[in-house]
Amino acid sequence: LPSCNSEATVSVTMVEPPVADAGADKYVCYGSTVQIGGSTGSEEGVEYEWTHPEDLENETQNSPTPMLKPVTKDQMYKLTATSTIVDNCKSQDSVWVYKVAKPKKFEVTGTGSYCEGTGSTGMVVKLSGSEPDVEYQLLKDGNVLSLPWKRGGSGELSWAGDITSGFDITAGVYTVIARKVNHTGCE
């Protein structure tokens, strides 16, 4: 009997899944916007989808690095990167965005006046209503003084003028700014 064989060849290629890089977790001031996603740019032949698209700015919803609308809650966002070339080829990554409350309102008071030429030793700027997880900085006429940030507590903070220590409270407008500890930018 003659041999009746036929032959066909097919090539199978393994493709790496697309990269889904949601980036590092973020701490964001309440009401601020932030960009999420890692350093990976868009890959050709890849579609990107984030959970909670209602929190994303419309023009960036299908981007690997979208902008969030103003942050009002802690939320985990999951990124799925799906190949449009190979069926069922995808990867996922997630990122947490944590809302950081701005420092609470506080009151600044001070001792009033001193006589020119007599020095202002004993003048005090006081802050009441400090918080334990907040640092406070004293400014004079809008300029940061060369004093360290003071950590809040459960009550009052004060900056006392003492010419012998190199710091004197002189005539001017004093302001105190506050920031959350370990979360710069939330002032």
Side-chain angles (χ1 to χ4, degrees), residues 15-108 125 127-140 142-157 159 174-187:
V15 177
E16 292 287 324
V19 176
D21 183 3
D25 291 348
K26 307 243 183 208
Y27 292 86
V28 183
C29 296
Y30 178 89
S32 297
T33 62
V34 68
Q35 187 172 26
I36 57 174
S39 58
T40 306
S42 293
E43 290 181 58
E44 195 170 316
V46 177
E47 290 180 348
Y48 300 93
E49 183 179 0
W50 289 89
T51 56
H52 308 289
E54 67 279 3
D55 293 348
L56 307 176
E57 294 292 345
N58 288 337
E59 63 275 3
T60 64
Q61 282 184 356
N62 297 318
S63 164
T65 55
M67 286 297 292
L68 289 180
K69 293 178 181 175
V71 174
T72 59
K73 63 185 181 289
D74 294 346
Q75 184 68 58
M76 190 265 295
Y77 296 91
K78 186 184 293 183
L79 170 63
T80 302
T82 305
S83 171
T84 59
I85 300 166
V86 179
D87 288 341
N88 205 24
C89 188
K90 59 185 169 185
S91 65
Q92 293 182 322
D93 192 21
S94 61
V95 61
W96 272 94
V97 176
Y98 298 99
K99 161 198 62 83
V100 178
K102 292 183 179 183
K104 294 178 182 172
K105 297 250 183 214
F106 50 89
E107 185 176 332
V108 177
V125 174
L127 177 145
S128 58
S130 71
E131 300 175 80
D133 62 340
V134 176
E135 294 178 326
Y136 300 89
Q137 176 71 60
L138 184 65
L139 285 75
K140 178 185 174 194
N143 299 308
V144 175
L145 298 171
S146 59
L147 298 171
W149 287 83
K150 282 193 175 193
R151 183 80 178 252
S154 57
E156 187 173 273
L157 294 177
W159 292 266
Y174 289 85
T175 306
V176 176
I177 58 172
R179 70 178 179 194
K180 288 284 189 173
V181 177
N182 298 326
H183 304 293
T184 57
C186 290
E187 297 182 356

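The distance from the CD1 atom of Ile36 to the CD atom of Gln75 is 9.5 Å, given to the nearest 0.5 Å. In this structure, OG in Ser32 is found 11.0 Å from CG in Leu68, a value given to the nearest 0.5 Å. Note that CE of Met76 is 5.0 Å distant from OG of Ser94, once rounded to the nearest 0.5 Å. The CG atom of Leu147 sits 9.0 Å away from the CH2 atom of Trp159 when rounded to the nearest 0.5 Å. For the atom pair CZ of Arg151 and CG of Asp133, the computed distance is 7.0 Å after rounding to the nearest 0.5 Å. For the atom pair CD of Glu135 and CG of Leu157, the computed distance is 11.0 Å after rounding to the nearest 0.5 Å.
Around atom NZ of Lys78, no more than 12 heavy atoms belonging to other residues, nucleotides or ligands sit under 6.0 Å away. The local environment of CD in Glu16 is sparse, with at most 12 non-hydrogen atoms from other residues, nucleotides or ligands closer than 6.0 Å. Heavy atoms from other residues, nucleotides or ligands lying under 6.0 Å from CD of Glu131 number more than 12. A 6.0 Å sphere centred on NZ of Lys99 holds more than 12 heavy atoms belonging to other residues, nucleotides or ligands.
The aromatic rings of Tyr98 and Tyr27 lie parallel to each other, their planes meeting at an angle below 30°, with 60° marking the opposite boundary.
When all heavy atoms of Val176 and Phe106 are compared, the closest pair comes out as O-CZ, 3.5 Å. Nearest heavy atom pair, residue Leu145 against residue Lys140, reads CD2-CB, 3.8 Å. In plain terms, the two heavy atoms of Val134 and Ala178 that are nearest each other are CG1-CB, 3.6 Å. Listed here is the closest heavy atom pair of Gln35 and Thr65: NE2-O, 2.9 Å. In this structure, Trp50 and Pro64 approach most closely via the heavy-atom pair CZ2-O, 3.4 Å. Considering every non-hydrogen atom in both Tyr136 and Gly152, the closest pair reads CE1-CA, 3.7 Å.
The salt bridge (Lys or Arg N to Asp or Glu O under 4.0 Å) test applied to Asp55 returns Lys73, not counting sequence neighbours. Considering only residues two or more places apart in sequence or on other chains, Asp25 meets the salt bridge (Lys or Arg N to Asp or Glu O under 4.0 Å) condition with none of them.
The closest side-chain heavy-atom distance from Pro18 to Cys89 is below 4.5 Å. No side-chain heavy atom of Asp21 sits under 4.5 Å from any side-chain heavy atom of Leu79. Contact check for Val34 versus Met67: no side-chain heavy atoms found under the 4.5 Å cut-off.
Put simply, the side chain of Ser91 gets close to the backbone of Ala20: a donor and an acceptor are under 3.5 Å apart. At distances below 3.5 Å, not a single donor-acceptor pair connects side-chain atoms of Lys180 with backbone N or O atoms of Val100. Although no hydrogens or angles enter the test, the distance criterion places a donor-acceptor pair under 3.5 Å between the side chain of Glu43 and the main chain of Val19.
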Could you walk me through whether Tyr174 and Leu139 pass the side chain to side chain contact (heavy atoms under 4.5 Å, CB included) test, one step at a time?
-> CA-CA 6 Å; Tyr174 289 85; Leu139 285 75; over 6 Å; no
Might you work through the side chain to side chain contact (heavy atoms under 4.5 Å, CB included) test for Val71 and Val97, ending with a clear yes or no?
-> CA-CA 8 Å; Val71 174; Val97 176; 4.1 Å; yes
Between Trp149 and Val144, is a side chain to side chain contact (heavy atoms under 4.5 Å, CB included) present by the stated rule, with each step listed?
-> CA-CA 10 Å; Trp149 287 83; Val144 175; over 6 Å; no
Take Glu49 and Thr80, measure what side-chain hydrogen bond (donor to acceptor under 3.5 Å, both in side chains) needs, and give me the verdict at the end.
-> CA-CA 5 Å; Glu49 183 179 0; Thr80 302; 5.8 Å; no
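No side-chain donor-acceptor contact under 3.5 Å links Thr84 and Glu47.
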